[in-house]
Amino acid sequence: MEEYRVLRIDEEDYGCEELPEGRQPACEVLLESPSGQKKTCALPDPLLRQRQIAEGDRVFLGPDGTPVKAEPSIRTAALIGLGALGILFGRKMPGVQVIADPARAARYAAEPVLCNGEGCRFSYVSPEAGQPVDFLLVAVKTTALEGVLREIAPFVGPDTVILSVLNGITSEERIEAVYPGHTLWSVAIGMDATRTGRSLRFQSAGKIQFGERDGRMTPRVKALARYLTACGIENEPCADILYKQWHKLMVNVGLNQAAAFDLPYGGLAVPGPARDKMLEAMQEVIRLANLEGVPLPPDNDVTWLEAAMPAFAPDGMPSMRQDVLARRPTEVEEFAGTVRRLAQKHGMPTPANDFFYERIRAIEAGY
């Protein structure tokens with residue numbers, strides 16, 4: 001059966017005459033095929049309501065000529081950002097297009113991507129040559145998001161699902177403001193990937209948690225779960241994604257910002273000043289989350305640290321330390337900066353995050 005998109009639904013006009021006795025109210029439905037061909041069907045209004053068919057939906061025409069609503073599915077995908085997470089997840093997505101301008105694509109092609117020593121092949125497409133896809137993964141640094149919002153425009157169609165694996169709790173709102181109705185809220189957790197140039201090494205591949213902001217388990221959430229599972233990417237559709245995001249912010253505020261102490265995971269796993277300051281900063285996130293209506297438990301920091309650290313390679317390092325060593329801009333504004341801004345409206349002091357913010361800004365100034 002060929003798939004169509006419902007372009008328009010118009011109620012039938014009976015002029016001055018009433019609806020003939022025994023006849024159901026009908027609508028004229030304008031359909032468009034993937035090839036652009038259009039056709040019009042006269043269909044009973046009660047049938048359209050019963051099958052919950054609205055303008056913009058995808059439908060199949062059954063043997064009797066009536067439309068059946070198509071379940072959302074993901075068949076085409078693109079990603080932007082070929083850093084640690086872009087490589088980690090993109091290598092598992094068959095046929096994924098990596099969005100890159102010609103100069104960047106040439107640099108990528110000149111230095112092949114390695115993941116745990118194995119080569120990863122990607123197809124590159126420039127923004128100018130982009131076509132709408134079913135799924136778009138945004139995996140850049142938060143510092144690059146503003147420019148990315150313009151570059152992804154050709155890849156966003158009526159049904160495109162956008163997922164951001166950026167750190168922090170602000171990227172989804174920024175994407176949704178430009179592309180309303182396309183964004184799912186998400187967080188990537190549990191990975192210990194370390195990137196050096198175009199080479200990525202990891203011990204734990206992690207997973208993507210995602211969901212609607214309001215917690216509904218919608219058809220597009222289920223479609224994305226099916227797609228990621230088919231790709232071999234561990235995933236978890238969530239009804240409490242805001243809780244998950246704040247938990248990850250707590251982790252990043254502590255673990256990532258400990259880059260100020262220039263230590264790998266192994267150095268942060270043992271008692272000492274770095275670990276103490278890391279836990280202080282995480283406690284500030286817990287208190288702030290509670291003030292924002294997100295119920296992170298008071299021992300969330302210690303519980304996570306004890307469970308997660310054993311899975312990380314001792315010589316691995318959080319992404320912010322990788323940024324510092326490579327003299328790249330860090331995401332301190334997304335971590336301590338966000339905490340400090342939100343805490344101000346509650347009158348809550350943030351001495352640990354103040355320390356990290358000032359220390360990391362000083363490191364960046366010395367590049």
Side-chain angles (χ1 to χ4, degrees), residues 77-126 137-145 148 151 163-167 187-208 228 231-234 248 251-252 255-259 261-269 308-332 334 360 363-364 367:
L79 77 84
I80 187 163
L82 207 55
L85 294 186
I87 296 171
L88 194 64
F89 298 126
R91 69 194 172 92
K92 306 278 281 184
M93 297 162 59
V96 67
Q97 303 175 69
V98 177
I99 304 169
D101 61 49
R104 184 179 293 273
R107 291 199 300 273
Y108 286 161
E111 190 177 357
V113 174
L114 297 177
C115 190
N116 283 348
E118 295 185 6
C120 301
R121 292 186 174 275
F122 292 102
S123 297
Y124 303 106
V125 59
S126 67
L137 181 66
V138 179
V140 298
K141 290 285 188 182
T142 54
T143 50
L145 182 58
V148 160
E151 292 181 30
L163 199 73
S164 160
V165 288
L166 277 64
N167 283 322
V187 62
I189 65 166
M191 67 289 300
D192 62 351
T194 300
R195 180 171 66 89
T196 305
R198 310 307 308 148
S199 179
L200 183 75
R201 289 200 167 274
F202 70 91
Q203 186 169 301
S204 175
K207 69 177 176 180
I208 300 176
L228 293 175
C231 290
I233 297 172
E234 189 175 352
K248 179 66 182 293
V251 172
N252 278 325
L255 194 65
N256 252 310
Q257 295 190 140
F261 295 102
D262 195 27
L263 293 171
Y265 289 128
L268 299 173
M309 273 299 189
F312 291 169
D315 60 346
M317 65 185 87
S319 62
M320 189 177 283
R321 185 169 184 248
Q322 297 175 48
D323 290 337
V324 166
L325 292 177
R327 294 177 171 261
R328 293 189 293 258
T330 73
E331 295 178 299
V332 68
E334 193 65 28
I360 294 166
I363 291 172
E364 290 179 321
Y367 286 169

What's the spacing between [X] [atom1] and [Y] [atom2] if we round to 0.5 Å?
X      : Y      : atom1 : atom2 : value
Asn116 : Gln203 : CG    : CD    : 9.5 Å
Ile208 : Phe89  : CD1   : CZ    : 4.0 Å
Gln97  : Leu79  : CD    : CG    : 9.5 Å
Leu200 : Ile87  : CG    : CD1   : 5.0 Å
Gln257 : Thr330 : CD    : OG1   : 8.0 Å
Asp323 : Ile360 : CG    : CD1   : 10.5 Å

Decide yes or no for [X] and [Y]: does some side-chain heavy atom of the first lie under 4.5 Å from some side-chain heavy atom of the second?
X      : Y      : value
Ile80  : Val140 : yes
Leu82  : Arg198 : yes
Leu137 : Leu85  : no
Arg321 : Asp262 : yes

Main chain of [Y], side chain of [X]: is a donor-acceptor contact present, judged purely on distance under 3.5 Å?
X      : Y      : answer
Arg91  : Met93  : no
Glu334 : Lys141 : no
Lys248 : Ala188 : yes
Thr194 : Arg201 : no
Glu331 : Met320 : no

Closest approach of [X] and [Y], non-hydrogen atoms and distance?
X      : Y      : value
Ala105 : Tyr124 : CB-CB, 3.8 Å
Ala139 : Gly81  : CB-O, 3.7 Å
Phe202 : Cys115 : CE2-SG, 3.5 Å
Leu268 : Ala258 : CD2-CB, 3.6 Å
Thr143 : Pro329 : CG2-CB, 4.5 Å
Val324 : Tyr367 : CA-OH, 3.4 Å

Looking at the rings of Tyr108 and Phe122, which for Trp means the six-membered one, are their centres under 6.0 Å apart?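 No.
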Given Met309 and Leu255, is the side chain to side chain contact (heavy atoms under 4.5 Å, CB included) satisfied, shown in steps? CA-CA 10 Å; Met309 273 299 189; Leu255 194 65; 3.4 Å; yes
What do the steps show when you test Val148 against Ile99 for side chain to side chain contact (heavy atoms under 4.5 Å, CB included), and what is the final call? CA-CA 10 Å; Val148 160; Ile99 304 169; over 6 Å; no
Any luck finding a side-chain donor-acceptor pair between Asn256 and Ser319 under 3.5 Å?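 Asn256 vs Ser319: donor-acceptor pair found between side chains.
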Around atom CZ of Arg104, are there more than 12 heavy atoms of other residues, nucleotides or ligands at under 6.0 Å?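 At most 12 heavy atoms, drawn from other residues, nucleotides or ligands, come within 6.0 Å of this atom.
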